[in-house]
There are 4 protein chains.
Amino acid sequence: MADTHIPAGLAPPRRGRPRSEQADRAILAAAAQILAERGLSGMSIEEVASRAGVGKTTIYRRWTSRGTLALDAFLAEFQGQQPLPDTGTLRGDLLAALRAWIRAVTRTSAGPILAGLIAEAQRDPELAVAWRVRVVERLRSQHKIMLDRAVERGEISAGTDYEVVLDLLFGAAYHRLLHGHQPLTDRFARQVVDLVIAGIERS
Amino acid sequence: MADTHIPAGLAPPRRGRPRSEQADRAILAAAAQILAERGLSGMSIEEVASRAGVGKTTIYRRWTSRGTLALDAFLAEFQGQQPLPDTGTLRGDLLAALRAWIRAVTRTSAGPILAGLIAEAQRDPELAVAWRVRVVERLRSQHKIMLDRAVERGEISAGTDYEVVLDLLFGAAYHRLLHGHQPLTDRFARQVVDLVIAGIERS
Amino acid sequence: MADTHIPAGLAPPRRGRPRSEQADRAILAAAAQILAERGLSGMSIEEVASRAGVGKTTIYRRWTSRGTLALDAFLAEFQGQQPLPDTGTLRGDLLAALRAWIRAVTRTSAGPILAGLIAEAQRDPELAVAWRVRVVERLRSQHKIMLDRAVERGEISAGTDYEVVLDLLFGAAYHRLLHGHQPLTDRFARQVVDLVIAGIERS
Amino acid sequence: MADTHIPAGLAPPRRGRPRSEQADRAILAAAAQILAERGLSGMSIEEVASRAGVGKTTIYRRWTSRGTLALDAFLAEFQGQQPLPDTGTLRGDLLAALRAWIRAVTRTSAGPILAGLIAEAQRDPELAVAWRVRVVERLRSQHKIMLDRAVERGEISAGTDYEVVLDLLFGAAYHRLLHGHQPLTDRFARQVVDLVIAGIERS
DNA sequence: TCGTAACCGAGACGGTACGTCTGGTCTTTTT
DNA sequence: AAAAAGACCAGACGTACCGTCTCGGTTACGA
């Protein structure tokens, strides 16, 4: 896992006392707890340190900012919930992926945290990069596999612009998450997928 | 204009000294200047007050939070840049609207400010409401007029779900603005519009 | 009465609306009430105005500072409680005067208010002058009458320095009021008077 | 020295970074400077911090109020100026003590500062206690030694009430300092001492 | 086995901004 | 012209966190 933070154990057995892996765990656990309770904007390094029973320096030694710490705490849970479906049809795959995302965002505490991370990334360039690399592109490369399979199956043309397709699918979902003007329902997932697939096939 | 803030002059001539409209203007101008220079996260009430030559209380009397002040300062410029196109075809209308949005966001300082406002709305519930009501829904009701005309012209079915269509179009654009994983080009605008229109017609 | 404030009704019937004597009374009453409740340091012009149902300007038009207003509110009650005793002996007179002062200061709310006024006079030069003229010198000229009578009766020498004698008597009392290191008892009054009289007669 | 503030170095080597004694000194120096320039009422924590090149929290960590900080800054200088005289006679001792006090109060900036501290103590209970314990009682216990010696020498009766005697002596002096109705001259010192000693011997 | 390097928790450091409060003034409409 | 009302600028308040910096102490490695 290509973490944001300089992890506890690194290849060349460095001199001096090694990073405490227990501190790592305590920090991430404390951060996750606060994130779930009050969201990213309610999480201060100060409180993470005090809850984890850790000095603030111990946190700053590992993470450069509140945002990258929150990202690690968040991904520990979120990443596993975003599978790579393989249902045999593009529609099935896209629907499954979008539904998994919507489920995580509406059923768990991931929604506000995810929104908070995107918010924080607007002011923390380092988090912006980490977010793009470790979340956006990671997920997109998974989703592109689904599109590859659809091309192989002949469902869609080889010339399809994956980027636009995925921006449409997930852009719409993020839109509702961030602005809250409409709910993230299962019906919405179906409508989006159907419309996009229809659009791909026709254009 | 249904402002976020309690404006200077209200209908019933209130008792006591009236709010100074000059202070209103000075505050909004100072806020707009700082927003353009350093974005919302770099704007403090303290500095707005000092640049506007105004006491902090004079600001807090009018706006409840940094976010709602920034929203007013932002909308003063942004709102005029989002016209209601009428080109005769749905494709032309949607393309014009999307292009205007992309132009504002990429060519002016509106991009980071807009992103900053969305970010701030994730932690300021009052701004969230104002944002939804005064920006999202305001723009969407404009855009729905374009869809209405397309229905009248017989371009699209009367049963089309406007919400989903608009979420796809602008969700994709906001997606690129907020995550920065892909550029907001004119080609992107065309691809999005074409794919969505194709999707509407087929589904 | 040579008040600190510019009073409501003045000799030349001035032009325009006359000062409201009711406002005068309401202000003084409100001030007295707050003084009794929370002392001078807990009294703000803002609150006096709001309790008196009066604009702040109406207060500032009459008094130049919090201190001088408090002084007027205080003297309305205090002044009557400091009589000019005439018992036939110097000891009796001084004791009666000191006892009256101690009674007012320990039995009523005058103690903290008086201390608060002296405190305020250290930072408000205008109050300092008013305090000296309207309280200190006023009382002292009364007390000097007692000493005059003692001279006439042959109890003390005509060369006695009244100022020093009065500073000793009341200085000691104010000392205990302000520093609170010892109580203001009746025994204390007797000891002070006895010692001072003995000192006068011998020196 | 039983300071008002939690001092920099305490007996058991506390955990964490120790209080900076340099900050202590810088704060006290800045406070003393401002006190001399503008008196206690003209001294704000904000300015002390900025002049000392110190964060406000660094001050609040050590002192609970403006008054107790001013007290420490004041005593650093004042305390040394109040010696315990030993001239061989009560009159000589009392006169020397009173003269030292008057000199400090009239010749240095101590006068207004002292008055300001007494004023502040009327509104700050914590300062009131500190003032009583660290100034009033400290000086009085010194002065009582002079009275003890006078008793030993047979100058005054063993039954003399020290408290009353000292209240008369210094009460008169504080009286003139606080009300400013008469000057604090050397003649005044002599008159007060003579009258009090005469009173003690006779009563 | 000993020194030294890097870690650890604790907590102080200089700062920035917060949102509130009050002071004394100014500007309305109403009397 | 004075009244009540309430907005105005100014600036200090005490608090919360920021990210950094000492402390005394611990834990590993390499000499």
Side-chain angles (χ1 to χ4, degrees), chain A residues 8 13-20 22-23 26 43-50 52-62 64-66, chain B residues 8-9 12-23 26 43-50 52-62 64-66, chain C residues 8 14-20 22-23 26 43-47 49-50 52-62 64-66, chain D residues 6 8 13-24 26 43-50 52-62 64-66:
Chain A
R14 293 194 278 171
R15 305 221 315 158
R17 177 174 176 174
R19 296 267 170 88
S20 157
Q22 189 186 319
M43 175 187 115
S44 71
I45 297 281
E46 208 112 334
E47 192 185 354
V48 174
S50 110
V54 139
K56 281 201 284 176
T57 352
T58 303
I59 297 179
Y60 283 113
R61 203 174 285 122
R62 291 161 163 77
T64 53
S65 67
R66 188 173 76 143
Chain B
R14 293 197 278 170
R15 305 214 300 171
R17 176 173 177 175
R19 297 270 168 87
S20 158
E21 295 187 34
Q22 188 185 319
M43 175 186 114
S44 71
I45 297 281
E46 205 114 329
E47 191 184 357
V48 173
S50 109
V54 138
K56 281 199 285 177
T57 30
T58 302
I59 297 180
Y60 283 114
R61 203 175 285 121
R62 290 164 163 77
T64 52
S65 67
R66 190 172 75 141
Chain C
R14 294 193 277 170
R15 307 217 310 159
R17 175 172 175 175
R19 293 269 172 86
S20 157
Q22 189 187 320
M43 175 187 114
S44 69
I45 296 281
E46 208 110 336
E47 192 186 354
S50 108
V54 139
K56 280 202 285 178
T57 350
T58 304
I59 297 180
Y60 282 114
R61 202 174 284 122
R62 290 162 163 79
T64 53
S65 66
R66 187 173 75 144
Chain D
I6 303 98
R14 292 197 279 170
R15 305 214 296 173
R17 178 174 175 174
R19 297 268 169 86
S20 158
E21 294 187 33
Q22 188 186 319
D24 272 60
M43 176 186 113
S44 70
I45 297 280
E46 205 112 331
E47 191 185 356
V48 174
S50 107
V54 139
K56 281 200 285 179
T57 32
T58 302
I59 297 180
Y60 284 114
R61 203 174 284 124
R62 291 163 163 76
T64 53
S65 67
R66 191 174 73 141

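Per chain, numbering begins at 1; letters A, B, ... match sequence-line order. None of these values were measured; they are calculated from a predicted model.
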(message) What's the closest nucleotide to the side chain of A/Y60 if the choices are E/dC13, F/dT20, F/dC13?
(response) F/dT20

(request) Using the test side chain to side chain donor-acceptor pair (under 3.5 Å), find all partners of B/E46 that sit at least two apart in sequence or belong to another chain. (result) B/K56

(message) Among F/dA7, F/dC18, E/dC18, which nucleotide has an atom closest to any side-chain atom of C/K56?
(response) F/dA7

(request) Please say whether more than 12 non-hydrogen atoms of neighbouring residues, nucleotides or ligands are located less than 6.0 Å from CD in A/Q22. (result) no

(request) Would you kindly compare D/S44 and A/T57 by the position of their nearest DNA chain F nucleotide and give the one closer to the 5′ end? (result) D/S44

(message) Within the 4.0 Å limit for protein heavy atoms, which parts of nucleotides 2-7 of chain E are touched? Write it as a string from 5' to 3', B for base, S for sugar-phosphate only, - for none.
(response) ---BBB

(message) Between P on E/dG11 and CD1 on A/I59, what's the gap in Å once rounded to a whole number?
(response) 15 Å

(request) Provide, to the nearest angstrom, the distance between the CD atom belonging to B/E46 and the C1' atom belonging to F/dG11. (result) 10 Å

(request) Indicate yes or no: does D/R62 engage D/D24 in a salt bridge with an N to O separation below 4.0 Å. (result) yes

(request) Could you state the atom-to-atom distance from CD of B/Q22 to P of E/dC26 in whole Å? (result) 15 Å

(message) On DNA chain F, does the nearest nucleotide to C/G53 precede the nearest nucleotide to A/M43 from the 5' side, or the other way round? Give the residue.
(response) C/G53

(message) Show the nearest heavy-atom pair for residues B/A26 and B/A52, with the distance to one decimal.
(response) O-CB, 3.5 Å

(message) Between D/A49 and C/S65, which residue's closest nucleotide on DNA chain E lies nearer the 5′ terminus?
(response) D/A49

(request) Please state how far atom CD1 in C/I45 lies from atom P in F/dG6, giving the value in whole angstrom units. (result) 18 Å

(request) Search all heavy atoms of B/I45 against all heavy atoms of B/R66 and return the closest pair with its distance. (result) CD1-CA, 4.0 Å

(request) Please report the shortest heavy-atom distance between D/T58 and D/A23, naming the atom on each side. (result) CG2-CB, 4.2 Å

